[in-house]
Amino acid sequence: MSFKARSGFEFTLLNYNNLSTKVYSPPFATSLDTFWQLKFKPTSKGNPEYCSVYLVAIPSHEEGGTTSAWTNRATYSADIYIKHPETLNEIKKATLDTTKFSAIKPLRGWNRFCKKSLLPPDQIILGIEFDKTEFGTPDEKPRFPGNGKPFPDDLVTAWADQLNKPEYADVEFKVQGQSIYANTTILMRRSEYFQRMFVGRWMESITYNQEEEQAQQQQRQQVPTPEEDDDTDMDSNASGSSGSNNPISPHKRRRVSDSESDDDDDDRSVRSICSSLPIRSKRIVIDVTDFHPDTFLEMLRFLYTNRVSFGPRDSPTSPVNLFKIADKYLIENLQQHAKVKLCRALNMNNAAEFLFTTAWQYDELRDHVMNYVVQNFQIVCKTSGFKSITSNPSNYPQFHDLITEILHKVFADGDSDYSDF
């Protein structure tokens, strides 16, 4: 159980006129899992006679996993102000709209918050008031951003080291001729697509690397170790072939039919233990032709470590390429990370081209980019990118539908939600 009260947070900025860049306040909270910061820029970009102030929403673990608006933040009402440090009189105060916070737009505020000529020369008090703050009970624990439990770097490194290692792999992806190795157990746990591939009907069309299996068998037969002899005897006795002179690989998997009796449980346990050793007797081979090897490898790295490194715009690991591969392989978290990266990179110059070439193909991107173009159409329509599109409509498959929708919304919608603060 918790109760609510009004709250305020204030910070005295000393010698703020000497600041050469933006600064952030320490984080503060209005509930056990809702954290914020204030951002202050002593000189507004494009308007040097003003200072800029923003409220930054620090995403919780749950908020970081979605690109939709953070509805919990929308329940707050916030007033941001600047006070004189001696008289405590408010020099400027404004109410902030908190309904638009999301991973794509994690900060809201004003590029021209207050004229610098109204401020005292040495220091100011920057503050914020919330209409409510939730107090918790002793048995409720704070849930810090990132869930308070980041993966240790050594654990991430350990998992990353297992990727693309043939000795630990039971699946080989031939991506445009380049082999990439992985483990089906990890892939099935992390992607519904791979789960269907390795468990469902798709298994019937999967091929195996039989040559490697035969080479491993020949090597073990030629140089048996004492441990292999002991395991061979166990496996031979268990399978009812104790009189055989041919050594049997202790690592070779054997399919068990449904008709076998329960008396074979111990035998299957022995074979299961043996088959779990790193050397694989069979490896699934899958051809991938529609993605670059670096794109595919970075996608697998995310499945292994839950981390992603985006490359430049024209690289195989660019946000748009990783968005596309995440869409195909049903990796929602990776797709959300890529979407946030793409939407944050939107600007007046690239929005139209992105909508007409890529975003229209994906509902996850289309709506957001369409709204951006519509809300900023007066500027977007004057860019070289938009003019190039309208001059060559045949180059864009959805030109007619998209331009019709844009014009319809431009004349129907009101003011922009996407002001450049």
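We use all heavy atoms of the structure for the numbers below, so side chains are in, but hydrogens, waters and symmetry mates are not. Keep in mind that what you see is a predicted model, and the values were worked out from it rather than measured.
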- request: Evaluate the criterion side chain to side chain contact (heavy atoms under 4.5 Å, CB included) for residue pair W36 and F130; output intermediate values, then yes/no.
  value: CA-CA 11 Å; W36 314 83; F130 290 95; 4.0 Å; yes
query: Backbone N or O of T317 within a donor-acceptor pair of the N321 side chain at under 3.5 Å?
result: no
field: Exercise: do K116 and T43 side chains pair donor with acceptor under 3.5 Å
entry: yes
- prompt: Are a donor atom and an acceptor atom from the side chains of K132 and T75 found within less than 3.5 Å of each other?
  reply: yes
message: If I take atom CZ from residue R313 and atom CG from residue L342, how far apart are they, to the nearest 0.5 angstrom?
response: 10.5 Å
- prompt: What's the spacing between I180 CD1 and N164 CG if we round to 0.5 Å?
  reply: 6.0 Å
Inter-residue atom distance L96.CG - L55.CG, 0.5 Å rounding: 5.5 Å
- prompt: Hey, does the side chain of S388 reach the backbone of G385 with a donor-acceptor pair shorter than 3.5 angstrom?
  reply: no
task: Just do the side chain to side chain donor-acceptor pair (under 3.5 Å) check on Y81 and E10 with the steps written out, would you?
output: CA-CA 9 Å; Y81 58 84; E10 289 187 346; 2.7 Å; yes
message: For S25, is there any backbone N or O sitting under 3.5 Å from a side-chain donor or acceptor partner on Q37?
response: yes
query: To the nearest 0.5 Å, how far apart are OG1 in T390 and CZ in F399?
result: 6.0 Å
Listed partners of D131 passing side chain to side chain contact (heavy atoms under 4.5 Å, CB included), at least two apart: R6, Y76, S77
- prompt: With sequence neighbours left out, what residues match T185 under side chain to side chain contact (heavy atoms under 4.5 Å, CB included)?
  reply: N183
task: Measure the acute angle between the ring planes of W159 and Y304, then classify it against the limits of 30° and 60° as parallel, tilted or perpendicular.
output: perpendicular
- prompt: Between atom CD1 of I331 and atom CD of E192, what is the distance when rounded to the nearest 0.5 Å?
  reply: 11.5 Å
message: Could you check whether Y329 and Q335, counting side-chain N and O atoms only, form a donor-acceptor pair closer than 3.5 Å?
response: no
Polar side-chain atom of K100 near backbone of R108 as donor-acceptor pair, under 3.5 Å: no
message: Taking CD in E353 as the centre, count heavy atoms belonging to other residues, nucleotides or ligands within less than 6.0 Å. Is the count above 12?
response: no
- prompt: Does a side chain donor of either N306 or R190 reach within less than 3.5 Å of an acceptor in the other side chain?
  reply: yes
field: P397 vs W360 side-chain heavy atoms within contact, under 4.5 Å
entry: yes
- prompt: Going by the angle between their ring planes, with limits at 30° and 60°, are Y16 and F40 parallel, tilted or perpendicular?
  reply: perpendicular
query: Should we say atom CZ of R344 is surrounded by more than 12 heavy atoms from elsewhere, each under 6.0 Å from it?
result: yes
query: Looking only at atom types and distance, does a side-chain atom of N17 sit under 3.5 Å from a main-chain N or O of P121, one as donor and one as acceptor?
result: yes
- prompt: Between S44 and N111, does any side-chain donor sit less than 3.5 Å from a side-chain acceptor?
  reply: yes
message: I'd like to know whether R283 forms a side chain to side chain contact (heavy atoms under 4.5 Å, CB included) with D170, so could you lay out the CA-CA distance, the side-chain angles of the two residues, the decisive distance to 0.1 Å, and finally the verdict.
response: CA-CA 5 Å; R283 181 177 293 136; D170 59 0; 5.5 Å; no
message: Under 3.5 Å, is there a donor on one side chain and an acceptor on the other for Q398 and Q361?
response: no
message: Could you go through E49 and S117, starting from their C-alpha distance and side-chain angles, then the distance that decides it, and tell me whether this counts as side chain to side chain contact (heavy atoms under 4.5 Å, CB included)?
response: CA-CA 8 Å; E49 68 274 21; S117 60; over 6 Å; no
query: Between F194 and F198, what is the ring plane arrangement, given parallel below 30°, perpendicular above 60°, and tilted in between?
result: parallel
field: Verdict with supporting geometry, Y193 and L187, side chain to side chain contact (heavy atoms under 4.5 Å, CB included)
entry: CA-CA 9 Å; Y193 185 99; L187 303 188; over 6 Å; no
query: More than 12 heavy atoms of other residues, nucleotides or ligands under 6.0 Å from CG of N392: is that the case?
result: yes
query: How far does NZ of K22 sit from OG of S52, to the nearest 0.5 angstrom?
result: 11.0 Å
field: More than 12 heavy atoms of other groups within 6.0 Å of K115 NZ
entry: no
